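These numbers were taken from a predicted model, which means no experiment stands behind them.
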Amino acid sequence: MKAIILAAGRGERLRPLTDQTPKPLIEVGGQPLIAHHLHHLASAGIDQVVINLAWLGQQIRDAVGDGCQFGLQVSYSAEPEGALETAGGIIQALPLLGDEPFVMISADVYCDFSLERLCEMQLNHLGHLVMVDNPSHHPEGDFGLDEGGQLNRGQAALTFSGIALLHPGLFTGWPPGRRALRPVLEKALGAGQLTGEHHTGLWSDIGTIERLDDIRRKIAT
């Protein structure tokens with residue numbers, strides 16, 4: 001199975017840290033965020049990883065290389081300045097990801113979810129999303145989750161963690177270019193093609209200096 005790590009973002013709210021260092025190379029727990037993901041992917045049995053790049057992407061290339069230090073084969077999908085957003089980046093990288101379901105991870109999250117669960121899953125829909133409790137910065141959540149694991153637009157919404165198992169068919173009919181993921185997921189949701197699960201362990205969307213400091217404190221204790 002293959003995976004994509006979304007690492008092209010500018011990290012505006014983490015400035016000035018991200019003026020000289022791309023967000024995936026910011027250290028948490030003694031190693032760069034992207035290293036945590038690469039180690040977890042390798043431990044889960046994934047052997048091929050695509051990383052999309054834009055802002056300061058060469059630094060990520062230099063740090064990760066061909067992936068052999070992690071026991072992986074790493075390839076890169078370079079994007080234009082300003083990046084293509086989540087769905088646009090994935091659509092551009094589809095030729096590298098192939099025709100089978102793949103794991104997607106946002107490089108700017110820290111999470112102790114077991115990726116083995118996704119690797120062992122038989123995906124019968126277009127996507128399976130890992131959901132978490134709504135953080136204070138996103139209290140309204142994203143999607144509801146029923147007892148059968150189907151995602152919906154219900155009242156008791158949870159937040160999408162940035163970790164998922166996706167089928168390439170999720171992006172059928174969506175042209176290349178700058179494109180957010182939310183409309184793609186909404187279309188699949190309307191067709192009953194999204195499932196999910198609720199992860200209650202450690203998770204952080206490291207989008208601000210305050211959240212970065214918070215997750216560093218949690219890991220250190």
Side-chain angles (χ1 to χ4, degrees), residues 3-18 22-24 26-29 33-34 36-37 40 52 54-55 82-90 103-115 117-118 125-147 149-166 170-171 174 178-190 193-219 221:
I4 183 168
I5 299 178
L6 302 171
R10 170 65 176 84
E12 287 286 350
R13 291 173 296 174
L14 276 168
R15 297 182 68 184
L17 292 181
T18 52
K23 186 160 52 171
I26 290 176
E27 290 195 0
V28 173
L33 278 168
I34 200 166
H36 286 284
H37 296 311
H40 289 164
N52 71 335
W55 176 251
L84 296 172
E85 294 200 34
T86 302
I90 295 174
V103 173
M104 182 209 88
I105 300 179
S106 295
D108 56 357
V109 302
Y110 186 94
C111 187
D112 62 0
F113 177 78
S114 175
L115 296 175
R117 292 175 55 81
L118 297 184
H125 296 78
L126 291 179
H128 182 84
L129 278 55
V130 178
M131 310 296 291
V132 295
D133 292 331
N134 298 332
S136 59
H137 61 272
H138 190 56
E140 70 277 13
D142 294 310
F143 305 119
L145 179 65
D146 66 26
E147 293 182 358
Q150 197 78 21
L151 289 176
N152 55 59
R153 295 187 179 91
Q155 295 289 325
L158 297 169
T159 291
F160 176 39
S161 68
I163 301 171
L165 180 65
L166 304 178
L170 177 67
F171 303 95
W174 294 93
R178 186 174 174 84
R179 191 171 305 281
L181 185 60
R182 181 72 186 220
V184 177
L185 295 179
E186 288 280 1
K187 182 178 179 181
L189 185 76
Q193 284 292 314
L194 287 184
T195 59
E197 62 185 279
H198 184 192
H199 174 64
T200 58
L202 184 64
W203 175 83
S204 178
D205 171 10
I206 305 174
T208 65
I209 298 290
E210 292 75 20
R211 283 181 241 156
L212 174 61
D213 290 341
D214 180 65
I215 193 64
R216 282 173 169 170
R217 284 193 298 268
K218 287 179 178 178
I219 293 172
T221 57

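- Scanning for salt bridge (Lys or Arg N to Asp or Glu O under 4.0 Å) contacts around Lys218 gives Asp214, with sequence neighbours left out.
- Ring geometry for Tyr110 against His36 counts as perpendicular: the plane angle is over 60°, on a 0 to 90° scale with 30° as the lower cut.
- When all heavy atoms of Glu140 and Ala157 are compared, the pair lying nearest together is O-CB, 3.6 Å.
- Counting heavy atoms from C-beta on, the side chains of His137 and Asp205 come closer than 4.5 Å.
- Between the OG atom in Ser114 and the CD1 atom in Ile163 there is a gap of 10.5 Å [rounded to 0.5 Å].
- Looking only at distances, a side-chain donor or acceptor of Trp55 sits under 3.5 Å from a matching main-chain atom of Thr18.
- Looking only at distances, a side-chain donor or acceptor of Arg216 sits under 3.5 Å from a matching main-chain atom of Glu27.
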Apply the test side chain to side chain donor-acceptor pair (under 3.5 Å) to residues His199 and Asp112: give CA-CA distance (whole Å), side-chain angles for both, the deciding distance (0.1 Å), then the verdict. CA-CA 9 Å; His199 174 64; Asp112 62 0; 2.8 Å; yes

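- Residues Val109 and Ser161 are not in side-chain contact: their nearest non-hydrogen atoms beyond the backbone lie 4.5 Å or more apart.
- Minimum heavy-atom separation, Ala87 to Val184: CB-CG2, 3.9 Å.
- The side-chain hydrogen bond (donor to acceptor under 3.5 Å, both in side chains) check on Arg153 picks up Glu186, with sequence neighbours excluded.
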Verdict with reasoning, Leu185 to Leu170, per side chain to side chain contact (heavy atoms under 4.5 Å, CB included): CA-CA 8 Å; Leu185 295 179; Leu170 177 67; 4.3 Å; yes

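- Atom NE2 of His128 and atom CZ of Arg117 lie 7.0 Å apart (nearest 0.5 Å).
- Between Ile4 and Ile105, the closest side-chain pair of non-hydrogen atoms is not below 4.5 Å.
- The closest side-chain heavy-atom distance from Pro24 to Ile5 is not below 4.5 Å.
- Considering CG of Leu126 and CG of Leu166, their distance stands at 9.0 Å, rounded to 0.5 Å.
- Of the inter-residue distances, the one linking Asn152 atom CG with Phe143 atom CZ reads 10.0 Å to the nearest 0.5 angstrom.
- For Asp142 (side chain) and Thr159 (main-chain N/O), no donor-acceptor pair under 3.5 Å exists by modelled atom type.
- Closest approach of Leu212 to Ile215, counting heavy atoms only: O-CG2, 3.2 Å.
- Of the possible polar contacts, none joining the Arg13 side chain to the Thr208 backbone as a donor-acceptor pair under 3.5 Å is found.
- Between Ala188 and Leu194, the shortest heavy-atom contact is CB-CG, 3.9 Å.
- To the nearest 0.5 Å, atoms CG (Leu129) and CG (Leu189) are separated by 9.5 Å.
- Contact of the Lys187 side chain with the Gln193 side chain is not registered, since no non-hydrogen atoms from C-beta on lie closer than 4.5 Å.
- Rounding to the nearest 0.5 Å places CD1 of Ile34 at 12.0 Å from CD1 of Ile26.
- With a 4.5 Å cut-off on side-chain heavy atoms, Ile209 and Leu14 count as touching.
- Side-chain contact check for Phe113 versus Glu197: some heavy-atom pair is nearer than 4.5 Å.
- Contact record, Met104 with Phe160: CE-CZ, 3.7 Å, taken as the closest heavy-atom pair.
- Residues Leu6 and Ile90 form a side-chain contact, since some pair of their non-hydrogen atoms from C-beta on lies under 4.5 Å apart.
- Taking all atoms of both residues into account, the shortest heavy-atom contact from Ser106 to His37 is O-NE2, 3.5 Å.
- The main-chain N or O of Ala83 is found under 3.5 Å from a side-chain atom of Arg178 such that the two form a donor-acceptor pair.
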